[in-house]
Structure formats: structure tokens, C-alpha cells
K.L.:
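I am attaching a structure below and will ask some questions about it afterwards.
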Amino acid sequence: MNILVYGAGAIGSAIGEKLSGQHDVTLVSRKPHADAISSNGLLVCSSKGKERVFLKCVTSIDGMEPPDVIIVTTKAYDSKHAGDDISRIIDDNTIIASIQNGLGNYEHISRRFGRKGVVGTTTMGVTMTRPGEIVLAGEGVTSFGPYDDAAEKITDIFIKSGFEARTSSRIFSDIWMKAIANASINPITVISGKTNGCILYEPYMSLAKEACYEAAAVAEAEGVMLDDPWKAVRDIAEKTSSNKSSMLQDIEKGRKTEINQITGEIVRRAGGIGIPVPINSALLELIRSMEKKDKRL
Ligand SMILES: NC(=O)C1=CN([C@@H]2O[C@H](COP(=O)(O)OP(=O)(O)OC[C@H]3O[C@@H](n4cnc5c(N)ncnc54)[C@H](O)[C@@H]3O)[C@@H](O)[C@H]2O)C=CC1
Ligand SMILES: CC(C)(CO)C(=O)C(=O)O
């Protein structure tokens, strides 16, 4: 199959590399990463050692034939642009799947094409250490949905390429649960400057719990059922207790964060249905001001 991975940074490169064992994979990335991969291949570092893999990596999809599958792995703030760009090269048979954090990716990437797409979420952990080099911290589980032919086809492709993957009948709960975990953990790690485990202790735990319950109320008002969201958040914080959240890493490197697509979406949706979310609203403003390195402070 011809598979295009659009927005190949950390996660996209790791996914593309693994799929390339069985499929004709093209990564779409920015110039430094594309140049490094084209010259020296992709260096994949993991607990198994280091492996250099040669892959096709381009910076533009101009003139491409419609691929069988497009996997979108940009940051969530680039989803709208990704949707616009890939709409130029798809045909009726192209399956489009998003594997990203945050809320609203499905709407940007799939529903806008007027037909079903696939939405995914993953617990893989990958970091890009420099252009052309990634570190795989954990293989994780990747889930796809909604439960239909396209999601099953992508799940099958992933399983046959060696991923732990499943089709989920509750994909929107899974996506919401990941967003709630990110909303409860990530902003607090930025404010505290500590790793994910900080939310298991006071003074951070009460704040994280409030953020979690507020966000869960919004999900439930949207008809999304969640089982014990605070337990799920605590479990994720325990499993990743020594990790620096992606948001803390972004702030430390002076990069844009996904706060608007995580906490911002929760606050926006809460406003639309009249649910008070004071803790998430405060966290949103604090992270936005830290992102801008607010000069008034
Ligand atoms: N890294 C991880 O372990 C995990 C990441 N995620 C989610 O996956 C998504 C991607 O995360 P990462 O891979 O860490 O981010 P990343 O920033 O490493 O990768 C995204 C890449 O997309 C590229 N890109 C964006 N627009 C592009 C365009 N128009 N043309 C070409 N390239 C373009 C960027 O240059 C960047 O290299 C995020 O939503 C993140 O929250 C989810 C689970 C784990
Ligand atoms: C689950 C968690 C919090 C792991 O670090 C994450 O997804 C992130 O950092 O964005």
C-alpha cells in the first residue's frame, strides 16, 4: 500500500519507519528533518539499540498521486492546514487517519471531506532529539475508530506491521480521556516545572483533580461516557511519573504548545453549553501567557 505520513516529527517518523517494513511509505516533514533523512536515513534509538533506516521523506505533496492511506501526525494546531493541504491529493478510496492529541482533529481532518475518516490515539512515547533522529521510549497501544471498515483496515495494517493496535468502539471516549489527562497533567507540569508525577501530590493534586472533573463534566454533557476519569488520570501520571510532559518540553524549548487544542477546546465547549470551568480557564490563561513570555510580568 502507498502510505503517506503527513507531519512526520517524533510520532510520525516512528510510525512511518515501522510501517515501511511492509508498505511503500512517504514521510512529509519540514526541510531540516527531510534533508537529514534523505542524506543519512532516520536513526531510531530504543532500548533495543540504534538502527538507521532509509525512508522517502519530502517537504511537499505537490503533484502526488492519491495514496491509499494518509496518517496525519502534525501537532493539533496544524490540523486545519493539514486537512486543507491533503484535500488536494485524495480520492474516494483514500483513508485518512489522525493520530494526535487534543480535541477537534477529527473534525478538521476527516469530517470536512464529507465522508468517514478514522481517528486514532496512541500511548507511544517518542522524542525527536535532532533532525533525522528519534528516541522511542515506549511502544504503547494505538487505537482507531469509529468502529467501521476504514478503522478496521488501518488497525489491521498496524497490527501486521508489528504495532499493538485495536479498533475501539469507544474511540471518542478514548480521545476525550486522553485530552482530559493532558488538560489535568500538562499545564500543571509547566507551572510547577516538574515531571508528570507531581500531580500525585499536593499542592498540585487538588488542582489536577478539579481540572479533571471540570473537563469530564463537559465530555459528559457532549454525551461521552467516561469511567472514573480521575483514576484514569492518576494511572497515566503514575505510569509516566518521571516523564517531562510534551507541554513542559515545548515551553522549555520556546515552542508553541497544544494548550488551545486541549484546555482551550474544553473551555470553548464548556462556554457553549454553560458549564463553569474556572480551573481550566485559569490554566489556559497562565499557559498562554507563559507561551508568549509575557513581558508585563
Ligand atoms: N511524541 C509523542 O510521544 C506523542 C505525541 N502525540 C501527539 O502526536 C502529535 C504529533 O506529536 P509529535 O510527533 O511529538 O510532534 P512533532 O512536532 O515532533 O511533529 C510534528 C511534525 O509535523 C511537521 N509539520 C507540521 N505541518 C507540516 C506541513 N505542513 N508540512 C510538513 N511538515 C509539517 C512539523 O514540522 C513537525 O516536525 C501531537 O498532537 C502530539 O500531542 C501523542 C502521543 C505521544
Ligand atoms: C500522557 C502525557 C502526559 C505523557 O507525558 C502526554 O501525553 C504528554 O506529555 O503530552
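Order of appearance sets the numbers: ligands from 1, and atoms from 1 within every ligand.
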K.L.:
Nearest to atom 37 (O) of ligand 1, what protein heavy atom do you find, and at what distance?
P.N.:
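Residue, atom and distance for the closest contact: G9 CA, 3.5 Å.
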K.L.:
Under 3.5 Å, is there a donor-acceptor pair linking the side chains of E17 and S13?
P.N.:
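No, because no side-chain N or O of E17 sits under 3.5 Å from a partner of the opposite role on S13.
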K.L.:
Distance to 0.1 Å, residue and atom name: give those for the protein heavy atom nearest to atom 26 (N) of ligand 1.
P.N.:
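Checking every protein heavy atom, the shortest distance to atom 26 (N) of ligand 1 gives R30 NH2, 3.2 Å.
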K.L.:
Could R255 and E291 be called an ion pair, given the rule that one side-chain N must be under 4.0 Å from one carboxylate O?
P.N.:
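Salt bridge flag = no for E291 with R255.
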K.L.:
Quick test: of every protein heavy atom, which one is nearest to atom 7 (O) of ligand 2, and how far off is it to 0.1 Å?
P.N.:
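Nearest protein contact, heavy atoms only, for atom 7 (O) of ligand 2 is N182 ND2, 3.0 Å.
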K.L.:
Which atoms of ligand 1 are found less than 4.0 Å from any heavy atom of T122?
P.N.:
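Within the 4.0 Å cut-off of T122, ligand 1 contributes 43 (C).
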K.L.:
Students should be able to answer this: which protein heavy-atom is nearest to atom 5 (O) of ligand 2, and at what distance?
P.N.:
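Going by distance alone, atom 5 (O) of ligand 2 is nearest to N196 ND2, 2.9 Å.
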K.L.:
Write out the residue and atom name of the closest protein heavy atom to atom 25 (C) of ligand 1, then the distance separating them to 0.1 Å.
P.N.:
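Heavy-atom neighbour on the protein nearest atom 25 (C) of ligand 1: D78 OD2, 3.5 Å.
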K.L.:
Would you mind checking which non-hydrogen protein atom is closest to atom 38 (C) of ligand 1, with the distance to 0.1 Å?
P.N.:
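Among all protein heavy atoms, the one nearest atom 38 (C) of ligand 1 is E258 OE2, 3.2 Å.
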K.L.:
Provide, to 0.1 Å, the distance between atom 3 (O) of ligand 1 and the closest protein heavy atom, together with that atom's residue and name.
P.N.:
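The protein heavy atom lying closest is V126 N, 2.8 Å.
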K.L.:
Could you tell me the residue and atom name of the protein heavy atom closest to atom 15 (O) of ligand 1, and the distance to it rounded to 0.1 Å?
P.N.:
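For atom 15 (O) of ligand 1, the nearest protein heavy atom comes out as K75 CE, 3.5 Å.
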K.L.:
Hey, looking at atom 43 (C) of ligand 1, which of Q249, K178, K31, Q261 has the closest heavy atom?
P.N.:
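Going through Q249, K178, K31, Q261 one by one, K178 has the nearest heavy atom to atom 43 (C) of ligand 1.
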K.L.:
Is any NZ, NE, NH1 or NH2 atom of the basic residue among R130 and E133 found under 4.0 Å from an Asp or Glu carboxylate oxygen of the other?
P.N.:
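So R130 pairs with E133 through a salt bridge.
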K.L.:
Below 30° counts as parallel, above 60° as perpendicular, anything between as tilted: where do the rings of F158 and F144 land?
P.N.:
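Ring orientation, 0 to 90° scale: perpendicular.
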K.L.:
G12 versus ligand 1: do any nitrogen or oxygen atoms come within less than 3.5 Å of each other?
P.N.:
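No, G12 has no N/O under 3.5 Å of an N/O on ligand 1.
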K.L.:
With a 4.0 Å cut-off on heavy atoms, does G102 reach ligand 1?
P.N.:
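Outside the 4.0 Å threshold, so no.
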K.L.:
Can you list the ligand 2 atoms lying under 4.0 Å from a non-hydrogen atom of I236?
P.N.:
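Result: 1 (C).
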K.L.:
Please determine whether a side-chain nitrogen of the Lys or Arg among D149 and K153 lies less than 4.0 Å from a carboxylate oxygen of the Asp or Glu.
P.N.:
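So D149 does not pair with K153 through a salt bridge.
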K.L.:
Are K231 and D235 close enough for a salt bridge, meaning some N to O gap below 4.0 Å?
P.N.:
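So K231 pairs with D235 through a salt bridge.
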K.L.:
Quick one: does H33 get within less than 4.0 Å of ligand 1, heavy atoms only?
P.N.:
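It does not; every heavy atom stays at 4.0 Å or beyond.
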K.L.:
Kindly identify the option in A181, S246, G102 whose heavy atom sits closest to atom 8 (C) of ligand 2.
P.N.:
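Comparing heavy atoms across A181, S246, G102, the nearest one to atom 8 (C) of ligand 2 lies in S246.
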K.L.:
Would you say D85 touches ligand 1, if touching means a heavy atom closer than 4.0 Å?
P.N.:
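It does not; every heavy atom stays at 4.0 Å or beyond.
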K.L.:
So between I86, V135, D250, I99, whose heavy atom ends up nearest atom 8 (O) of ligand 1?
P.N.:
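Closest candidate by heavy-atom distance is I99.
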K.L.:
So which of I134, T73, I11, I15 gets nearest to atom 10 (C) of ligand 1, if we judge by its closest heavy atom?
P.N.:
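Shortest heavy-atom distance from atom 10 (C) of ligand 1: T73.
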K.L.:
Looking only at heavy atoms of T123, does any of them come nearer than 4.0 Å to an atom of ligand 1?
P.N.:
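So T123 does not count as touching ligand 1.
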K.L.:
Just let me know how M247 lines up against ligand 2, side chain, backbone, both or neither, with a heavy-atom cut-off below 4.0 Å.
P.N.:
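Neither part.
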K.L.:
Evaluate the criterion side-chain hydrogen bond (donor to acceptor under 3.5 Å, both in side chains) for residue pair N105 and S79; output intermediate values, then yes/no.
P.N.:
CA-CA 6 Å; N105 298 306; S79 292; 2.7 Å; yes
K.L.:
Measure the shortest side-chain to side-chain distance between Q100 and V72 over non-hydrogen atoms and say whether it is less than 4.5 angstrom.
P.N.:
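Yes. Closest side-chain heavy atoms under 4.5 Å.
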K.L.:
Report the part of N186 in contact with ligand 2, treating N, CA, C, O as backbone and CB onward as side chain, heavy atoms under 4.0 Å; options are side chain, backbone, both, neither.
P.N.:
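Under 4.0 Å from ligand 2, N186 contributes side-chain atoms alone.
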K.L.:
Would you please determine whether S246 falls within less than 4.0 Å of ligand 1 on a heavy-atom basis?
P.N.:
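Outside the 4.0 Å threshold, so no.
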K.L.:
So, S168 and D174: side-chain donor and acceptor under 3.5 Å apart, yes or no?
P.N.:
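Yes, a side-chain donor-acceptor pair sits under 3.5 Å.
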K.L.:
Looking at K253 and D250, does any basic side-chain N land under 4.0 Å from a carboxylate oxygen?
P.N.:
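So K253 does not pair with D250 through a salt bridge.
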K.L.:
Output yes when K18 and E139 qualify as a salt bridge under the 4.0 Å nitrogen-oxygen rule, no when they do not.
P.N.:
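A salt bridge is present here (some side-chain N lies under 4.0 Å from a carboxylate O).
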K.L.:
With atoms numbered from 1 as shown, which atoms in ligand 2 lie under 4.0 angstrom from a non-hydrogen atom of K178?
P.N.:
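Atoms satisfying the 4.0 Å criterion: 7 (O).
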K.L.:
Taking all non-hydrogen atoms of both residues, which atom of G12 and which atom of T73 are closest, and how far apart?
P.N.:
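Nearest pair, atom of G12 first, then T73: CA-OG1, 3.3 Å.
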K.L.:
Apply side-chain hydrogen bond (donor to acceptor under 3.5 Å, both in side chains) to the pair N260 and Y77, showing each step before the final yes or no.
P.N.:
CA-CA 8 Å; N260 289 329; Y77 47 74; over 6 Å; no
